[in-house]
Structures are given as C-alpha cells and as structure tokens.
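Here the structure comes first, spelled out in structure tokens, and everything after it is commentary.
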Amino acid sequence: MGEPVLASAITTLSTALIMLIAENKFIYKFGVMLIMTVVHSSIGSFVVFLVLCDCFGPSSTSCNRGSTIVVSKL
C-alpha cells in the first residue's frame, strides 16, 4: 500500500527538482515549496501515521481471536 505513495512522491520530487533550475523566480519558489510539501507529507505518511496506527490500532492478539476460536472448536 505504500508503494503508490512512494512512487508519486518520487515523481513529484523529480518534477520539483527540474523546477529548481528555472530562471523564473516564481517557478523556482514553487519548486522549493513543492519539495518541502512532498518531504513533510512523506514523513507524515510513513513515520507519524505508522506510529499512530501502532499506538492506537488493534493489538496483534485481537486480530487473531476469530481464527483461534475456529481452530479450538475443531
């Protein structure tokens, strides 16, 4: 599930890097802003979100309840 997010971040960063060599000041500043946005959102999606899911998400034992009940009845 993280592969499409990472792929879109890479393609957006490559576009932003091309914008950094532009002579137009607006395009340059837009490229800088785009890089900052992509970096912060990638950190948020791959670090912060995963940590929050680990802290507040279901524990590994709660996901296996249904399968242990089925196995124990057999």
Side-chain angles (χ1 to χ4, degrees):
M1 191 168 168
E3 293 173 5
V5 175
L6 187 62
S8 65
I10 290 171
T11 57
T12 306
L13 278 175
S14 64
T15 303
L17 288 174
I18 291 171
M19 289 179 166
L20 291 180
I21 61 173
E23 294 179 11
N24 188 347
K25 202 66 159 171
F26 173 76
I27 301 294
Y28 175 79
K29 287 183 178 182
F30 187 73
V32 170
M33 186 61 77
L34 194 58
I35 289 174
M36 291 171 45
T37 303
V38 170
V39 167
H40 284 99
S41 64
S42 297
I43 291 171
S45 64
F46 287 113
V47 177
V48 177
F49 181 69
L50 293 177
V51 169
L52 289 175
C53 284
D54 189 38
C55 290
F56 300 112
S59 62
S60 62
T61 57
S62 67
C63 295
N64 295 329
R65 266 191 216 146
S67 62
T68 56
I69 292 171
V70 172
V71 172
S72 64
K73 288 184 180 181
L74 291 176

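Computed from a prediction, not measured in an experiment: that's the story for all the values here.
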Result of checking Leu17, Leu13, Thr12, Val39 against Leu34 for side-chain contact (heavy atoms from CB on, under 4.5 Å):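 Among the candidates, only Thr12 passes.
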Kindly work out whether a path of hydrophobic side-chain contacts (I/L/V/M/F/W/Y, heavy atoms less than 4.5 Å apart) joins [X] to [Y].
{"X": "Phe49", "Y": "Leu52", "result": "no"}
{"X": "Val32", "Y": "Ile43", "result": "yes"}
{"X": "Phe26", "Y": "Met19", "result": "yes"}
{"X": "Val5", "Y": "Val48", "result": "no"}
{"X": "Met33", "Y": "Tyr28", "result": "no"}

Just so I know, are the side chains of Ile35 and Leu20 near enough to count as touching, which here means a heavy-atom distance under 4.5 Å?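 Yes; the side chains approach each other to less than 4.5 Å.
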Could you report the tightest heavy-atom contact between Ser45 and Leu50, atom names first, then the distance?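 Smallest heavy-atom distance, with atoms named: O-CG, 4.2 Å.
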On a heavy-atom basis, which atom in Ala16 and which in Gly31 lie closest, and how many Å separate them?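 Minimum heavy-atom contact is CB-O, 3.7 Å.
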Candidate pair Cys55 and Val51, rule side-chain contact (heavy atoms from CB on, under 4.5 Å), full reasoning: CA-CA 6 Å; Cys55 290; Val51 169; 4.2 Å; yes
